[in-house]
Amino acid sequence: MSNATQRPLSQLGLTARGGSDPLIHGLATDSRKVSEGFLFAALPGSQVHGARFVPMALELGAAAILTDVDGAALIADQIGDDVALVVVEDPRQSLSGAAALWYGAHPDTMVAVTGTNGKTSVATFVRQIWEALGHAAINVGTTGIEGAWSHPLHHTTPDPITLHAALAEAAEAGITHAAMEASSHGLDQRRLHGVHLAAAGFTNFTQDHLDYHETFDAYFAAKASLFRSVLPEDGVAVINMNDERGVEMRAVAAAKGQEVLTVGLGLGDLALVGTRYDASGQDIRFTWHDTPHVVRLNLIGGFQAENVLLAAGLVIASGEAPNDVFMVLPQLATVRGRMQLAATRDNGATVFVDYAHTPDAVATAIQALRPHVIGRLIAIVGAGGDRDTSKRPLMGAAAHKHADMVIVTDDNPRSEDPDAIRAAVMGGAPGAHNIGDRAEAILRGVDMLQAGDALIICGKGHESGQVVGDQVLPFDDVEQASMSVAALDGRLA
């Protein structure tokens with residue numbers, strides 16, 4: 001690892017009350033991971049303040065505590081003269097800065113993308129373009145760290161200690177380019193601060209995560225903070241102008257003094273002006289500063305063309321020659337769990353798996369698949385438990401409006417009653433088939449397929465588990481679809 005084994009507190013951008021400057025041996029936000037000489041970040045939480053765990057951190061040898069005013073009040077009688085106390089207004093941001101200084105190196109060229117939908121596809125396409133241009137590249141996000149160096153992650157945007165440790169290790173492994181997904185949670189919790197970005201992108205803004213952000217304004221503000229607080233003034237903002245909040249996001253970037261590169265359908269610096277679909281992909285016509293280009297994409301769905309152009313914009317914004325970028329676009333491959341062709345029946349009917357788990361994403365996915373299908377389009381949808389309840393009937397309504405047939409099934413019910421969740425989704429999809437067991441739902445959907453039809457399984461995408469209660473049961477939509485086709489077409493030995 002590239003970080004020093006010990007470093008004075010002051011070299012992490014932190015100043016302790018009383019001026020003490022102990023040598024720090026490591027960083028932790030989990031008191032159970034503290035060792036002798038560590039800095040423990042006691043962060044405010046939604047249910048309990050991290051200061052409650054300071055006694056354990058001290059017992060394990062913490063040399064310094066980072067917290068806010070409320071945290072300092074909770075531990076006022078617990079901190080001795082031998083422990084440095086750092087009190088700041090925003091301890092999450094200070095921790096991110098400290099983690100960046102502690103671990104030091106990260107890939108030389110980094111970009112990030114935010115938005116409700118499309119982050120994983122855009123980040124992965126950016127990485128694939130860089131790789132095609134000869135760079136050692138990774139993408140960081142929902143599917144972990146993928147590319148020339150891989151590493152598992154538990155969050156789309158990991159905590160700053162995990163993030164900067166991984167980026168430092170990637171840099172040591174020779175990675176020069178990295179594309180990150182910037183989730184609203186990660187941005188709200190300042191996890192990306194300390195990462196130096198060359199460019200940042202905005203895909204779209206629709207309903208999601210209101211269980212966390214509570215209001216659309218708070219949700220949008222979290223997304224906008226990528227440009228307002230993380231991307232430096234000399235960075236380039238790449239904005240999808242087809243989204244109704246694109247104008248607002250462009251204004252945020254312009255107010256910061258950032259150069260703005262616009263992308264859109266029929267408008268923008270990089271504009272999609274025509275598409276021709278077939279069963280295996282699409283030919284797209286676009287303009288770059290009014291100069292036309294035609295490219296073949298072996299990708300299903302019109303929205304994927306938009307994702308590709310946003311990715312191309314980010315790569316151009318990070319320093320690559322536009323024509324070099326456009327030449328490698330035909331090499332792009334489907335992102336795992338994103339409009340992925342999972343199986344094909346003997347009669348030619350196809351089964352796709354997509355991560356669509358918001359009403360807008362479901363509608364977009366079904367509409368995007370429609371031009372590639374000459375028969376019926378069957379959709380499987382569900383909704384997760386312990387999450388935004390208001391979107392459940394909207395999920396059903398989106399599928400009901402755009403698909404020819406709908407199956408409602410379980411999708412990570414977690415601690416809630418799956419029957420009640422499905423009933424809420426069914427409220428927006430009258431006449432839909434209610435099949436709780438996800439494996440049975442997929443089998444039934446595959447069995448309905450006639451020549452020319454297509455089935456799209458929405459919700460879980462790349463995920464390999466189904467969360468029921470407090471258990472994660474093995475379940476993979478792609479694998480289940482393939483098994484169902486094999487069973488029904490007599491391919492099993």
Side-chain angles (χ1 to χ4, degrees), residues 29 43 45-46 92-93 95-96 99 106 110-127 138-146 151-167 178-195 197 199-231 237-240 243 245 249 252 307 310-311 314 335-338 355-358 360-361 384 386-388 391 412 459-463 467:
T29 56
L43 307 175
S46 58
R92 293 185 182 277
Q93 184 166 327
L95 174 64
S96 292
H106 62 52
M110 294 195 60
V111 302
V113 58
T114 195
T116 306
N117 304 312
K119 295 187 296 297
T120 300
S121 291
V122 171
T124 305
F125 291 147
V126 168
R127 186 258 298 169
I138 56 174
N139 58 279
V140 182
T142 306
T143 53
I145 298 179
E146 299 179 317
H151 189 76
L153 295 175
H154 298 295
H155 299 283
T156 298
T157 308
D159 71 85
I161 297 175
T162 301
L163 174 61
H164 286 285
L167 291 176
M180 291 186 58
E181 297 177 47
S183 70
S184 59
H185 293 72
L187 288 165
D188 185 61
Q189 296 173 16
R190 316 293 194 269
R191 298 178 196 168
L192 271 79
H193 285 70
V195 175
L197 300 175
F202 169 69
T203 60
N204 50 58
F205 182 80
T206 61
Q207 180 172 343
D208 200 14
H209 302 307
L210 294 188
D211 53 315
Y212 176 88
H213 297 286
E214 296 186 354
T215 68
F216 278 107
D217 287 343
Y219 181 33
F220 183 78
K223 298 289 188 188
S225 69
L226 176 62
F227 304 94
R228 186 176 286 122
S229 304
V230 182
L231 183 67
V238 183
I239 308 293
N240 171 23
D243 189 89
R245 304 298 286 266
M249 199 66 87
V252 170
N307 287 335
L310 193 72
L314 283 167
V335 178
R336 184 162 54 97
R338 270 65 177 176
Y355 191 52
H357 59 279
T358 68
D360 181 73
D386 303 332
R387 298 294 186 269
D388 180 7
K391 75 177 185 180
N412 297 332
K460 295 177 62 59
H462 65 282
E463 293 177 359
V467 186

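Values below: all heavy atoms of this structure, side chains included; hydrogens, waters and symmetry mates excluded.
Atom CG of Asn117 is separated from atom CG of Asp360 by 5.5 Å, given to the nearest 0.5 angstrom. Interatomic distance, CD of Glu181 versus OG1 of Thr142, reported as 3.5 Å (0.5 Å rounding). Between the CE atom in Met249 and the OG1 atom in Thr114 there is a gap of 6.5 Å [rounded to 0.5 Å]. Interatomic distance, Leu197 CG to Met180 CE, rounded to the nearest 0.5 Å: 7.5 Å.
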Problem set entry | Audit row: Val195, His164, side-chain contact (heavy atoms from CB on, under 4.5 Å) steps and yes/no | CA-CA 8 Å; Val195 175; His164 286 285; 3.7 Å; yes

For this session: Applying side-chain contact (heavy atoms from CB on, under 4.5 Å), run through Ile161 and Leu95 and close with a yes or a no.
Result: CA-CA 8 Å; Ile161 297 175; Leu95 174 64; 4.2 Å; yes

Problem set entry | Chi angles and distances behind the side-chain contact (heavy atoms from CB on, under 4.5 Å) call for Phe202, Asp243 | CA-CA 9 Å; Phe202 169 69; Asp243 189 89; 3.8 Å; yes

Problem set entry | Criterion side-chain contact (heavy atoms from CB on, under 4.5 Å) on His462 and Arg338, from CA distance to verdict | CA-CA 8 Å; His462 65 282; Arg338 270 65 177 176; 2.7 Å; yes

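Listed by chain and number, the residues in a salt bridge (Lys or Arg N to Asp or Glu O under 4.0 Å) with Arg127 are Glu131 (sequence neighbours excluded). Residues forming a ring pair (Phe, Tyr, Trp, His ring centres under 6.0 Å) with Phe227 (at least two apart in sequence, or on another chain): none.
Checked by atom type and distance alone, the side chain of Ser96 never pairs as donor or acceptor with a backbone atom of Pro160 at under 3.5 Å. A donor-acceptor contact shorter than 3.5 Å is absent between the side chain of Thr203 and the backbone of Lys119. Listed for the Ser121 side chain is no donor-acceptor partner under 3.5 Å among the backbone atoms of Gly118. Counting only distance, with no hydrogens or angles, the side chain of Lys223 and the backbone of Leu187 share no donor-acceptor pair below 3.5 Å. Looking at Arg190, its side chain does come within 3.5 Å of a backbone N or O of Asp188 through a donor-acceptor pair.
The two residues Tyr355 and Glu463 make their nearest non-hydrogen contact at CE1-OE2, 3.6 Å. Here the shortest heavy-atom pairing between Ala112 and Leu192 reads CB-CD2, 4.2 Å. Nearest heavy-atom pair across Leu314 and Ala200 is CD2-C, 3.6 Å. Nearest heavy atom pair, residue Ile145 against residue Ala166, reads CD1-CB, 3.8 Å. Of all the heavy atoms in Gly201 and Leu226, the pair that sits closest is O-CD2, 4.0 Å.
No hydrogens or angles considered: nothing links the side chains of Glu146 and Thr124 as a donor-acceptor pair under 3.5 Å. For the 3.5 Å distance criterion, the side chains of Arg336 and Thr143 fail to qualify, holding no donor opposite an acceptor.
Taking 4.5 Å as the limit, every side-chain heavy atom of Val126 sits out of range of all side-chain heavy atoms of Asn139. Between Leu167 and Met110, the closest side-chain pair of non-hydrogen atoms falls below 4.5 Å. Asn307 is listed as a side-chain neighbour of Phe125, based on a closest heavy-atom distance under 4.5 Å. Contact check for Asp386 versus Asn412: no side-chain heavy atoms found under the 4.5 Å cut-off.
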